[in-house]
There are 2 protein chains.
Amino acid sequence: MATSARTDGYQKTSVPTKNRILDAAETLFVEKGFAATSLRAIADLASVNLAATHYHFGSKEGLLAATIHRRVEPINKSRLEKLNCLEAESTPDMKSVVRSYLEPVIESMTGTLPSLIARLYGEPESVSRPLLEREFGAVFDRYIVALQRALPKAEESELRWLFHFSIGAMIHMLNFPSPPSMPPDALTREEAFARLESFILAGLTQGMEAELDAKVELS
Amino acid sequence: MATSARTDGYQKTSVPTKNRILDAAETLFVEKGFAATSLRAIADLASVNLAATHYHFGSKEGLLAATIHRRVEPINKSRLEKLNCLEAESTPDMKSVVRSYLEPVIESMTGTLPSLIARLYGEPESVSRPLLEREFGAVFDRYIVALQRALPKAEESELRWLFHFSIGAMIHMLNFPSPPSMPPDALTREEAFARLESFILAGLTQGMEAELDAKVELS
DNA sequence: GTCTATATTGGGATAGAC
DNA sequence: GTCTATCCCAATATAGAC
């Protein structure tokens with residue numbers, strides 16, 4: 001009761017300093033980008049002393065890495081769980097694989113975190129590449145394996161490219177939730193993601209499923 | 001004689017100051033991002049005095065806008081020319097429309113400029129949105145019209161979403177020329193773009209062309 | 001683990017001579 | 001239109017008291 005329940009103005013002492021900093025950093029990184037955000041602004045928004053940011057994260061880059069990791073880790077964990085679960089029963093089709101990749105993003109979509117990932121992808125390679133490789137490299141490889149199983153006719157390298165494009169479409173939608181000259185709330189996030197899913201599915205399977213269908217027709 | 005012919009270290013007086021600044025700004029914006037690049041660094045690389053940047057472009061934002069515009073304008077001009085040219089003969093199919101959108105990007109791909117566009121898309125909305133609307137808004141709308149003609153069964157709003165995704169895939173490929181854990185030179189730019197084109201084409205047409213084929217089969 | 005205070009560096013912008 | 005010099009402010013980071 002008492003003190004622990006107060007929420008004056010902003011965050012409170014009930015939330016650990018470290019998390020308050022992470023929350024504030026996330027908000028501002030999304031809003032203004034990494035380079036354009038100062039540690040001072042983060043400390044202010046978090047109602048924390050400037051020195052605390054250095055105490056907890058060492059440097060601005062360290063804070064960025066921690067901010068990213070806090071959000072990405074559960075998403076990737078959820079992806080891999082879903083995928084393993086799918087494969088436990090039988091070889092999943094493309095649609096299930098794609099969905100298992102997208103769903104955790106939709107589920108985690110309370111506010112800023114998708115944009116955070118999107119923003120990271122927009123940073124210069126010198127900043128983003130190492131972080132992205134660390135956070136997403138293994139998951140990417142894992143999905144390539146799953147996609148190969150679902151689409152045995154495709155070459156691995158081709159799937160890598162197509163999945164690469166798919167991620168690009170997703171990132172772009174996270175960054176710009178709606179197309180130009182369209183109101184941001186024209187579609188709900190779920191509806192927009194449904195569109196994205198079918199776009200990706202069509203792009204990934206290309207003519208390859210059509211061939212399959214054709215053979216079915218012939219038989 | 002003497003002074004006018006010297007080429008000490010970097011660019012020369014033969015290139016107008018304004019262009020030297022633009023060249024340097026483009027290089028550094030691509031490399032480090034907008035916020036992380038200082039006007040001082042730009043002036044140094046251009047072998048120009050710092051004050052010259054303000055004289056010619058007013059502010060850092062003004063310089064960004066000019067840098068973007070210099071590259072985007074010819075690309076968009078080329079797109080619209082190609083598109084108008086296509087439509088002069090007959091109603092172009094999806095593939096031609098998509099190609100007319102991508103080709104100018106490939107052709108302009110001497111070095112940094114694709115990454116410049118990609119970087120702009122990665123900037124926070126407050127920076128990127130106004131610039132992007134100004135530079136690409138009309139072209140986007142124009143392409144929606146062309147796509148509708150090529151695919152009359154599709155709704156306009158759906159095409160807007162799908163084209164939105166397509167641009168996302170393209171931007172992402174400009175930003176990351178190759179998929180994770182793949183050498184950057186695995187494919188030539190042209191080959192990579194060919195992959196991208198078929199990915200986009202499949203995603204845009206979705207099942208809609210398949211329906212058409214089915215009807216053809218039935219008739 | 002949190003504060004104040006400060007060291008140190010670099011940023012954008014401008015004034016005014018040439 | 002280009003230079004030098006400078007204003008003024010903000011940045012990251014750290015030292016040291018509590």
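The chains referred to below are lettered A, B, ... by the order of the sequence lines, with proteins before strands, and numbering in each begins at 1. Quick caveat, the model's predicted, so the values are computed rather than measured.
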**Report entry** chain A footprint on DNA chain C, 5' to 3' - any atom under 4.0 Å from a heavy atom
**Finding:**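 Range of nucleotides within reach of chain A: dG1(C) to dT4(C).
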Query raised in the report: If only side-chain N and O atoms of His54(A) are considered, is one of them under 4.0 Å from the OP1 or OP2 phosphate oxygen of dT14(D)?
Result: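 No, His54(A) has no side-chain N/O under 4.0 Å of OP1/OP2 on dT14(D).
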**Report entry** Residue-level proximity of residues 64-71 of chain B to DNA chain D when a heavy atom falls under 4.0 Å
**Finding:**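 Heavy-atom contacts with DNA chain D come from no residue of residues 64-71 of chain B; none.
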Query raised in the report: Less than 4.0 Å between a side-chain N and a carboxylate O, is that true for Arg195(B) and Glu191(B)?
Result: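 Salt bridge absent between Glu191(B) and Arg195(B).
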Query raised in the report: Charged N to carboxylate O below 4.0 Å: is that the case for Arg119(A) and Glu123(A)?
Result: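 No, Arg119(A) and Glu123(A) are not salt-bridged.
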Report task. Please collect all ring pair (Phe, Tyr, Trp, His ring centres under 6.0 Å) contacts where either partner lies in residues 27-53 of chain A, sequence neighbours excluded, each pair once. Result ->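 Sorted result for residues 27-53 of chain A: Phe29(A)-Phe34(A).
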Query - ring pair (Phe, Tyr, Trp, His ring centres under 6.0 Å): pairs with one or both residues in residues 173-197 of chain B, sequence neighbours excluded - result: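 Non-adjacent pairs meeting ring pair (Phe, Tyr, Trp, His ring centres under 6.0 Å): Tyr121(A)-Phe176(B), His172(B)-Phe176(B).
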Any donor-acceptor pair under 3.5 Å from [X] side chain to [Y] backbone:
{"X": "Thr53(A)", "Y": "Leu39(A)", "value": "no"}
{"X": "Ser78(A)", "Y": "Pro104(A)", "value": "no"}
{"X": "Arg160(A)", "Y": "Ile144(A)", "value": "no"}

Query raised in the report: In whole Å, what is the span from the CG atom of Leu28(A) to the P atom of dA11(D)?
Result: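 It works out to 11 Å between those atoms.
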Query raised in the report: Which part of the nucleic acid, if any, lies within contact of Thr53(A), taking any heavy atom under 4.0 Å across all strands shown: a base, the sugar-phosphate backbone alone, or nothing?
Result: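 Touches nothing.
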Query raised in the report: Want to settle it: does Ala52(B) or Gly58(A) sit nearer the 5' end of DNA chain D, counting the closest nucleotide to each?
Result: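 That would be Ala52(B).
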Report task. Could you list the residues that satisfy side chain to side chain contact (heavy atoms under 4.5 Å, CB included) with Arg134(A), not counting sequence neighbours? Result ->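 By the side chain to side chain contact (heavy atoms under 4.5 Å, CB included) rule, Arg134(A) matches Ala65(A), Leu131(A).
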Query - Position toward the 5' end of DNA chain C (nearest nucleotide), Tyr55(A) or Ser59(B) - result: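 So the residue in question is Tyr55(A).
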Report task. Describe, in one word, how the ring planes of Trp161(A) and His164(A) are oriented to each other, choosing from parallel (under 30°), tilted (30 to 60°) and perpendicular (over 60°). Result ->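 Aromatic pair Trp161(A)/His164(A) classed perpendicular.
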Query raised in the report: Does a side chain donor of either Asn84(A) or Arg142(A) reach within less than 3.5 Å of an acceptor in the other side chain?
Result: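 Side-chain D/A pair, Asn84(A) to Arg142(A): present.
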Requested in this report: Heavy atoms under 4.0 Å is the rule here; annotate nucleotides 5-10 of chain D 5' to 3' with B where the base is hit, S where only the sugar-phosphate is, and - elsewhere.
Outcome: -B----
Query raised in the report: Under a 4.5 Å cut-off applied to non-hydrogen side-chain atoms, are Leu63(B) and Ile42(B) in contact?
Result: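 Yes - at least one pair of side-chain heavy atoms lies under 4.5 Å apart.
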